[in-house]
Amino acid sequence: MRIERHPILTFDRGCRVRFTFDGRELEAFSHETVAAALLANGVPVLRHSVGELRPRGFFCGIGRCASCSMIVNGIPDVRACVTLVEEGMVVETQHGLGSIHG
Amino acid sequence: MSTERADVVIIGGGCTGTSAAYHLCAAGVKNVLLLEMSYLCSGATGRCGGGMRAQWSTRCNIQLAKYSLDAFGRFSDEIGQDIELHLGGYLLPAFNPQMAGEFRKNIVLQNALGVPSTFVPTEAIRSLAPIIETDTMLGAAYCATDGKSNPFLTVKGYAERARALGARIMTDTTVTGFKMAHGRIESVVTSRGRIDAGWVVNAAGAYAANIAALAGAIVPITPYRHQALVTERVAHCFNPMFINLYESLYFSQTKNGAFVMGQTDKHEIPGFNYRSHWLFELELARKVMKFAPILRHVRVVRHWAGHYAMTPDRQPIIGPCPGVGNMLIASGYSGHGYMLAPASGRIVADLITRGSVDFVDMNEFSMDRFKSKLYVVEADIV
Amino acid sequence: MAELHPIIRTDVLVVGAGPAGLAAAIEAARLGVRTLLIDDKKSPGGQLVKQTHMFFGSKNERAGVRGIDIAVELGRELEAVGCSFMAETMAIGVFDDGTVTALHRDSQIVRIIPRTMVVATGAFENMLLFPGCDLPGVYGAGGFQTLMNLDGVLPGTNVLMVGAGNIGLIVAYQLMQAGGRVAAVVEAMPRTGGYSVHASKIRRMGVPLHLAHTVKAVHGADRVNAATIVRLEQGKEVPGSAFTLAVDSVCLSVGLSPLAELCSMAGCRMDFVPALGGYVPYHDENMMTSNDRIFIAGDVSGIEEASIAMVEGTIAGCSAAARILGWNVEQRLGEHKRQLETLRGGPYGKKARQGKSELWGIELEDEPALEYAPASDLPQAVQRFTSGKRLVIECYDRIPCNPCEEACRQGAIRIGPDITSVPELDADKCTACGVCMMRCPGLAIFMVNMDYAADMAEVTIPFEQCPLPQKGETWTALDRQGAVLGPALVTRVVSATAFDRKHLVSFSVPKQQAHDARHIVPAPPSPRLIEATPQLLDTDPIICRCEDVRLSAIEKVIDQGYRSYDEIRRITRAGMGPCQGKTCQRLILQILSRKLGVPMDSLQPSTVRPPLKPVPFDVLAAASMEDANEY
């Protein structure tokens, strides 16, 4: 959910972009990270963990904990919380290990 | 601190030391004590690539390796510890006709000793290892029964089984000296007290020469830093352990999916150095881009260093230490100690309990070979 | 995408552009040495860029200015002094030959060869272990703030805040500013760790603050939907005290630890000082580590406030520059060190004073017993005056802060040279102009006019929420505990650019409520949802998120006799994943400490190795190997 009004801040979100997530087309803004864009679109689960395939999402926000690893444009283990969303980006939930074949 | 006693004191808690502890206990030795200066597996065993191959160029290396590979295959049943064994084979490409010729010669010897290695054409490399670029290769030596396993779990298995059979293990215990009498070690002096010893097994890896020196013996084992790196885990895509002898590098994907690789720096100076150097990552990455470019997006997560315990002929020293009547040396493995650990442990146990070893010719490993300077250098070191 | 030069030589490399790093870079550049500042974010400011609240301290530390604006100011100073800044550049390795490798935009390796270095990399958030701690919807406070204040995305609409230190209290307030709701704040200690004015702010907005409570478990299938809270006595759960709140997010704000990986990798001596947050690089009073080319400043040297970070940064920048210029640094630092002493004064600075003294081997003088504001945060004696229009300063805490004194043109507020003193109001001099209300960073000053009408009083409060009340509207007045008092008619709203987005809102209430009404809301708050506590099916929390290693697996290995983090790591793979133990190592060390009954500083953390962030082969392969033989 995006914050529409704020007593202190104004948000420079950039321009509108469209990207796909697991085949669905979603809208975002160019200054948003992939993780923020997905949260804004109501998507909390970003990956399923290696091992037990547990749902994981945004946690640290600084690309440190690797909980937000997703497949972006075919490359796995991309940290969604520090990757800016781009027009036409293909984002997929990563289930367990990534593959070199995309 | 009171003085203890042990029939056998093993110095070194890596794969060789813990294997020796297990084999000694399995052979009925009652009072075995293993000393480790830090934590088990903190030395080279805990830093190595975990590869195991029988494709060597000398008879004894092949024999020991084959024995060990068989033992690794039985490890889970015999010791009760899963070691993540993965027999995906070892691939050693030839880059020129001389290399191909050498490999073929070795293969003949290996086959004669029961190792099913073979020389495969370049197309076969592509099907065995689809991610490898083969343009510069002229076939490869390959053995399907080679493979890799997890060194940490191997040490854990040996140590726990040895304990269950009555061995004691003291970690965070440094050997600081020996009390000698008549050319023999009477007791081992450590940071936690003195231990009277019947036998002392020097399995101290890169520190073996330091330990031997405490008993007044000079042993030609020299530490050389070796660096290695590991990547994030990715879905399984690569079976064999890949050895590029030309560039002195090894590279494989472990059972859990991470790529582990390392290379020898020809300019490395002898001595202890646990530090990582930035150039290593860059050089190795360029090689990966050359022969496995499909891995270009795979990420390096850690880059560490450990030591090879090198001897002049790159063969281990397994046998009595000259001048010290009751010290056995089991070190100097020059980067292939892990894959020989089961055999090393068995040899140590045989030497102590039976006074002789019958499954391999021990002369090749004796310290005496350095006196005569008649030794054969193992060629296929990475 | 512009490529950076692959090899950069400089005199002073400052790593981290938060308040400490900015101050260090500005100082070093000002002293005339070649300085390069790098940071992994797109703009400088570090944590400042998310801090919407006004800062404390004194004029020197820009008290009364919002953190976000301090970031802009410092950024301008950086430019003005001509210091180079490389954004999106993270230092990932430091090596024996002095090389620092840095990763730019995850796509280029830059090799930096500095003569000296200031490490100002701040801190990382501590993790808390409980069933459900790895569910989507559980956030670290830093990430939570980033989403709210940078991305403008609400991380949750009904949030449990865990931790009532300054960060927990501030983030809870910021969430309400963003339009979210705080279902509760829980704090394991019997008192809040943060400034009492921060706690007061959220209490009077209706946020329940449960002291001596903690989160026991978080529930949900693929995201958080509830949290179970328990009361603690002597740190142990009180049986039967559990209650479960419906929440959609949990924000963890349970402390920070210095992020000193670069120093550790460089071989700096690391000391374990709990009062400073854990492992901290040893440093002297000039901020020099055991390596005479490496200096530190800010949270990496011990967890403190931003104002202290800035002064330490100036000291470190000066020391680093002095090393290059061959100056005697002692003569230049006296004033800054005195500033530090002042800022570290009072009860809130005690922990850091203890920590730094431990590090420097100095005996701390015997100090008087700490005076904290009482747990309930009620004023000891509210002066319930019956006539007149008077300012009321509800600040009873010895916070290092004096903008109210600075702002008062009548000289009616006295704090004095020790800025941790509690402000005293001279009612005779006070003209009730209200300027101090606007300047108070703690929003702790109010105006009460008992002469407003026969039976009504007018209360004026500082206000920073949406929506803004309009004159004539009827809102609901809340007391200091957030309890409903009754209707409040909005009588006046004063806004001005000079008030910096803070408004003065006046409302009328019956006289008997005048000394209790301290906040107004559009409508009485709806009760929070308390649910039946679900049965805990999964009581074995995940410790290592990268490898899915559970607490039981760690404990089993310890029970088998393995006593070091290194062994646990090798056997269970905990800490071997992409984050290399950044999240779980501290937790595992705590478990080892507990199970073995040994102090944390007797345990050895694992060696910090490069790269500090995973780097793909193609990026490494493209890095320049030029001049490699220089080393």
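Convention: sequence-line order gives letters A, B, ...; per-chain numbering from 1.
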Where on R563(C) is there a heavy atom nearer than 4.5 Å to chain B: the side chain, the backbone, both, or neither? neither
Answer yes or no: is there a side-chain heavy-atom contact under 4.5 Å between I568(C) and Y39(B)? no
Closest non-hydrogen atoms of E283(B) and M625(C), given as atom of the first, atom of the second and distance, are CG-SD, 3.8 Å
Locate the shortest heavy-atom distance separating R296(B) from P616(C); write the atom from each residue and the value. O-CB, 3.5 Å
Of all of H297(B), E232(B), R275(B), E281(B), which one pairs up most often with chain C through heavy atoms under 4.5 Å apart? R275(B)
Check whether any side-chain heavy atom of K156(B) lies under 4.5 Å from a side-chain heavy atom of Y562(C), and answer yes or no. yes
Would you compute the distance between atom CZ of F259(B) and atom CZ of F617(C) and round it to the nearest 0.5 angstrom? 8.0 Å
For the residue pair D97(C) and H277(B), establish whether any side-chain heavy-atom pair is separated by less than 4.5 Å. yes
Under 4.5 Å to a heavy atom of chain C? For L282(B) that would be both
CG/N273(B) to CG/D96(C) distance, rounded to the nearest 0.5 angstrom? 7.0 Å
Can you say whether N256(B) sits under 4.5 Å from chain C via the side chain, the backbone, both, or neither, judging by heavy atoms? side chain
For E567(C) and L40(B), work out which heavy atoms get closest and say how close. OE2-N, 3.7 Å
Stepwise salt bridge (charged side-chain N to carboxylate O under 4.0 Å, His left out) check, R233(B) with E547(C): CA-CA 10 Å; R233(B) 293 167 64 178; E547(C) 298 284 323; 2.5 Å; yes
Considering all heavy atoms of both residues, which atom of M289(B) and which atom of A621(C) are nearest to each other, and what is their separation? CG-CB, 3.4 Å
Closest contact, heavy atoms only, C41(B) versus R570(C): O-NE, 3.9 Å
Do V615(C) and R299(B) make a side-chain contact, defined as non-hydrogen atoms from C-beta onward lying under 4.5 Å apart? no
Is the number of heavy atoms from other residues, nucleotides or ligands under 6.0 Å of E78(B) CD greater than 12? yes
Nearest heavy atoms of R302(B) and T607(C), plus distance in Å: NH2-O, 2.9 Å
Distance only, no hydrogens: is a donor on one side chain within 3.5 Å (strictly under) of an acceptor on the other, for W278(B) and T101(C)? no
Portion of T231(B) that has a non-hydrogen atom of chain C nearer than 4.5 angstrom: side chain
Count the heavy atoms of every other residue, nucleotide or ligand shown that sit under 6.0 Å from OH of Y274(B), and state whether that count exceeds 12. yes
Counting only N and O atoms by type, is there a donor-acceptor contact under 3.5 Å from the side chain of R609(C) to the main-chain atoms of L229(B)? no
Is V288(B) close to chain C through its backbone or its side chain, or both, or neither, when contacts mean heavy atoms under 4.5 Å? side chain
Enclosure of K595(C) NZ (heavy-atom neighbours >12, cutoff 6.0 Å): yes
Which bit of E160(B) is near chain C, if near means a heavy-atom gap under 4.5 Å: side chain, backbone, both or neither? side chain
I need the residue from P610(C), A622(C), S624(C), S564(C) with the largest number of non-hydrogen atom pairs under 4.5 Å to chain B. P610(C)
